[in-house]
Protein chains: 2
Amino acid sequence: MKRSMLPLNALRAFDAAARHLSFKMAAEDLSVTPAAISQQIRSLEEFLGVELFRRTNRSLVLTEAAQLALAPLKDGFEKMEEAVDILTASHSANVVKVSVSPSFASKWLVPRLASYYERRPDAIVKVNATMALTDFKAEDIDLGIRYGRGTYDGLHVEPLMRETVFPVCSPALLEGDDPLRTPEDLLEKTLIHDDSFSEDDSAPSWPMWLKAAGVLVPEGLPALHFNTHALAVEAAVAGRGVALARSSIAEEDLKAGRLVQPFGEAIPVDFAHYIVCPEDKLKAERIQDFIDWLKDEAGAY
Amino acid sequence: MKRSMLPLNALRAFDAAARHLSFKMAAEDLSVTPAAISQQIRSLEEFLGVELFRRTNRSLVLTEAAQLALAPLKDGFEKMEEAVDILTASHSANVVKVSVSPSFASKWLVPRLASYYERRPDAIVKVNATMALTDFKAEDIDLGIRYGRGTYDGLHVEPLMRETVFPVCSPALLEGDDPLRTPEDLLEKTLIHDDSFSEDDSAPSWPMWLKAAGVLVPEGLPALHFNTHALAVEAAVAGRGVALARSSIAEEDLKAGRLVQPFGEAIPVDFAHYIVCPEDKLKAERIQDFIDWLKDEAGAY
DNA sequence: GCTTCGGATTAGTTTTTCTTATCCAAAAAT
DNA sequence: ATTTTTGGATAAGAAAAACTAATCCGAAGC
C-alpha cells in the first residue's frame, strides 16, 4: 500500500496494542481512552480486511498475520523517531518548556525571566500557561511548576517555595465610613474568592482563613468568584473587595501601593510551589540549569 | 521523541514535499490541496522548532537538518508500507474492490454476482456504489465501471458494453382515456428525467431523444426529476410518467412486465459502459479474472 | 453469588485536516 | 517593459478523524 493511504494513527494504535497485548495499556501508553484504541483497531481491521487480534473476553491474542507485520512496523516507528530526533537535536539543547499556572506565569515567572536570559543568553524558555496539570506522556513539556500538596505520582518532585496567604485590598477600603480594621470587619466587605482549587478542601481559602482567625461567618456574605488567582487579585486592586492573596501573586501590587495588607494574619497552608518533571528530564543539563536558577530566584524571594 | 507524540500526518506531508521539492507536487502525490501541505509543513516546523525548507518564492530548498532526517524518515515509511503489505498480502488475493454507480450496482452488477461466486467461490467482491468518479490515487479501489464517453486520462480504459436508451412506462399508461401510442403522445404525459449527467450535454436525455424522434417540444411540460437512473425507472414502474431508460437498468422490470416499451425508438448514444482502472492493477490475476467475467456477462447480455 | 475487569459499542464532542478563496512576489511569456 | 502565470502563504469555514463518556457484556477473581 502506498504511503499516502497508510492509516498512520491507526497503525500507531495497533503498534501499541500489539506491544502491550492490551487495549487498556495501549491507551495509557498513547494517552487516550481504551475506547479510542478499540475503535482504531476495529477500523484498521475493516480497512485492511484482516483480523489483527483475537479477543478472548478480557485479553487479546495477536493473529499470525499481525505477528508477521509487527517487526517491520516497529522498525518503521523507530526510524521515524530517529528522523524526528535528528530534526530536533540541534535545537533542543537550548529550549526549556515549562508549564505553570497563568497567574504564576504573569506575576512571578515571566517578570523574572530576564534574569535567566542574562545567565544564559542563548536560552529559549517556552512558557505554557495553563491551569491543568501536565501529562508528561502526552505533552511536549520539560517541567512544570505547580501549586499544590506535592503529591504527583511517578514524577520527580521537589519543593520550589512555600508561601503564605493573607488578606489584601485596595487602600481605599481602609478609609471612609466603613473602614477595614479588624478581621471581624471583613464581614462587612465583599470577599473575593479564587476558585482555582475549589474542589480541594485543603487548598487555602476564605473559609479556612476566617476559621483560623476565629471569625464566625454567617450565611450569605457578599462574594465575588474568579477562576484564577491573578483575576481575584486584580479585583482587589480595583477596590471590589478583599482577596486572600498569595505573596507571589500580589507582591508587585503590594510594592506599588496598589494593594495593602490590612492585618498581618497569615495562615499556615499545606500548599506550596513544586517543581515537577519526569525523572529522565533531569539528565538534560539545560533542564537542571533552569531548575537551579528557579531555586536561586525562589531563595532570593 | 516518543512515537505517541510523532505528528504522523505532518511527517508524511514533509516526506512528500521533500521528495518532490514542491508543495504542489506533494499535494498531488497525497491527493490533497497545496494549502494542506503548506499548513502541515508550517505546523510541523513550529512543533519541532526547526525550519525544514527555505522558501525562495516559487521553489523550496531543504535545510541541512531536513536533509539529514530524510533517509531515516523514508526508511520509516518504507517499513510501514512493508508491514501493511504483509497484513494485506494473505487477503487481497481474493478481494476485488469495484466502484460503480448505485443504479448499475443494484440493477445490473449485484444481481449477477452469484454467477461470479460460482466461478470463483473464494472471491470477495466489494461493491462501492457511488456516483463519483474514482480517484485511484486517493481511494482503495481496484477498478470502476463507468457510464460515460470513456475519456479517463491516465487510466486503462476498455469498453464493457454499449446500450440503448428508450422510453419505458407502466402498462397502465397504454390504456384509459389518454393512451400512450406515439411519440407525440408523450407531450400529454409526465416526462421522468434522470439528472445524473445533467451537466453533460452529450449524455442521453429526453430533449435529445425527442429531437431525434422529430417531436417538437413546447415549453413547460410536466416533469419529474431524479438524481439517479434507478429512481427514475422506479418512478416509471409506479406509473408516475415515462422514463428514458437504459436497458441495463430497466431489464428486470421489463421482463417482469412492470414496465413496457411503448414504442421501439432507441437512439444511438455516445455514452457507454467502460471498465476503468490503473494500468498496474491489470497485473493482478484476480482483477484480470474479474474483468474477464464482466466481459462474459456483458457479452451474454 | 457478587464484584471487578477489560473489551465493545454508540452517541456526541473535540480536534485535526482539509478546501476554498485570496494574496503575494518572482519567473516566464509576450 | 508589461502582462501573465505559477507556486507558496494564509485565513476562514467545512469536513473528516479521533476522541470521550456512558453503558453493556462476559469471564476472571474473590
Side-chain angles (χ1 to χ4, degrees), chain A residues 3-48 51-63 66 128 130-133 135 137-140, chain B residues 3-48 51-63 66 128 130-133 135 137-140:
Chain A
R3 67 191 65 175
S4 62
M5 300 192 64
L6 292 174
L8 297 171
N9 284 319
L11 287 171
R12 175 161 52 193
F14 169 49
D15 167 77
R19 278 190 282 111
H20 297 288
L21 288 181
S22 159
F23 289 175
K24 181 176 188 287
M25 291 174 68
E28 285 172 15
D29 190 359
L30 299 184
S31 303
V32 295
T33 63
I37 300 295
S38 183
Q39 288 170 66
Q40 287 276 22
I41 299 301
R42 179 163 165 275
S43 164
L44 185 58
E45 284 175 328
E46 282 181 14
F47 176 70
L48 298 178
E51 195 181 26
L52 299 171
F53 298 96
R54 278 192 203 95
R55 279 76 149 172
T56 54
N57 185 28
R58 261 162 74 170
S59 61
L60 302 169
V61 179
L62 271 169
T63 62
N128 180 38
T130 176
M131 290 156 61
L133 295 179
D135 180 354
K137 287 194 294 177
E139 295 174 67
D140 186 23
Chain B
R3 68 192 63 176
S4 62
M5 301 192 62
L6 292 174
L8 297 171
N9 284 319
L11 287 170
R12 175 162 51 193
F14 169 49
D15 167 77
R19 277 189 285 110
H20 296 289
L21 289 182
S22 159
F23 289 176
K24 181 177 188 286
M25 290 173 68
E28 285 172 14
D29 191 357
L30 299 185
S31 302
V32 295
T33 63
I37 299 295
S38 183
Q39 287 168 65
Q40 287 276 22
I41 298 300
R42 179 164 165 275
S43 165
L44 185 60
E45 285 176 328
E46 282 181 12
F47 176 72
L48 298 178
E51 195 182 27
L52 300 171
F53 297 96
R54 282 198 197 89
R55 280 75 150 171
T56 55
N57 184 29
R58 261 162 70 170
S59 62
L60 302 170
V61 179
L62 272 168
T63 62
N128 180 38
T130 177
M131 290 156 61
L133 294 181
D135 179 353
K137 288 195 293 181
E139 294 174 68
D140 185 23

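The figures that follow rest on heavy atoms only: side chains count, while hydrogens, waters and symmetry mates do not. The sequence lines fix the lettering, A, B, ..., with proteins before strands; numbering per chain opens at 1.
In this structure, the side chain of B/Arg12 engages the main chain of A/Arg3 through a donor-acceptor pair within 3.5 Å.
Atom CD1 of B/Ile37 and atom P of D/dT10 are 15 Å apart (whole Å). The distance between atom CG of A/Asn57 and atom P of C/dC5, rounded to the nearest whole Å, is 14 Å. Remark: P of D/dG7 and CZ of B/Arg54 are 22 Å apart, rounded to the nearest angstrom. Atom CG in A/Leu44 sits about 17 Å away from atom C1' in C/dG7, given to the nearest Å. Atom P of nucleotide D/dA18 and atom CZ of A/Phe14 are separated by 16 Å, given to the nearest angstrom. Computed from coordinates, the A/Phe23 CZ to C/dT9 P distance equals 10 Å when rounded to whole Å. When the P atom of C/dA8 is taken as reference, atom CG of A/Leu60 falls 7 Å away, rounded to whole Å. In this structure, the CZ atom of A/Arg12 is 11 Å from the C1' atom of D/dA18, given to the nearest Å.
Between B/Ala36 and A/Pro34, it is A/Pro34 whose nearest contact on DNA chain C lies nearer the 5' terminus. Ranked by how close their nearest DNA chain C nucleotide is to the 5' end, A/Asn9 and A/Lys24 are led by A/Lys24.
Among the atoms of the strands shown, none is found under 4.0 Å from any heavy atom of A/Thr56. Residue A/Gln39 is in base contact, counting any heavy-atom pair closer than 4.0 Å across all strands shown.
For the atom pair CG of B/Leu52 and CG of B/Leu44, the computed distance is 5.0 Å after rounding to the nearest 0.5 Å. In this structure, the separation between CD on A/Glu28 and OG on A/Ser22 is 7.5 Å, given to the nearest 0.5 Å. The distance from the CG atom of A/Leu30 to the CD atom of A/Gln40 is 9.5 Å, given to the nearest 0.5 Å.
The phosphate of C/dT9 has OP1 or OP2 within less than 4.0 Å of a side-chain N or O from A/Arg42. Of the side-chain N and O atoms in B/Arg55, none sit less than 4.0 angstrom from OP1 or OP2 of D/dG7. Taking only side-chain nitrogens and oxygens, A/Thr33 never comes nearer than 4.0 Å to OP1 or OP2 of D/dC19.
Relative to the side chain of B/Ser38, the nucleotides C/dT19, D/dA9, C/dT9 differ in distance, and D/dA9 lies closest. For B/Gln40, the side-chain atoms get nearest to C/dC18 when compared with the rest of C/dC18, C/dA27, C/dT9. Residue B/Ala35 has its side chain nearest to C/dT20 when only C/dA26, D/dT20, C/dT20 are considered.
Taking the side chain as every heavy atom from C-beta outward, A/Arg55 and A/Ile41 approach each other to under 4.5 Å.
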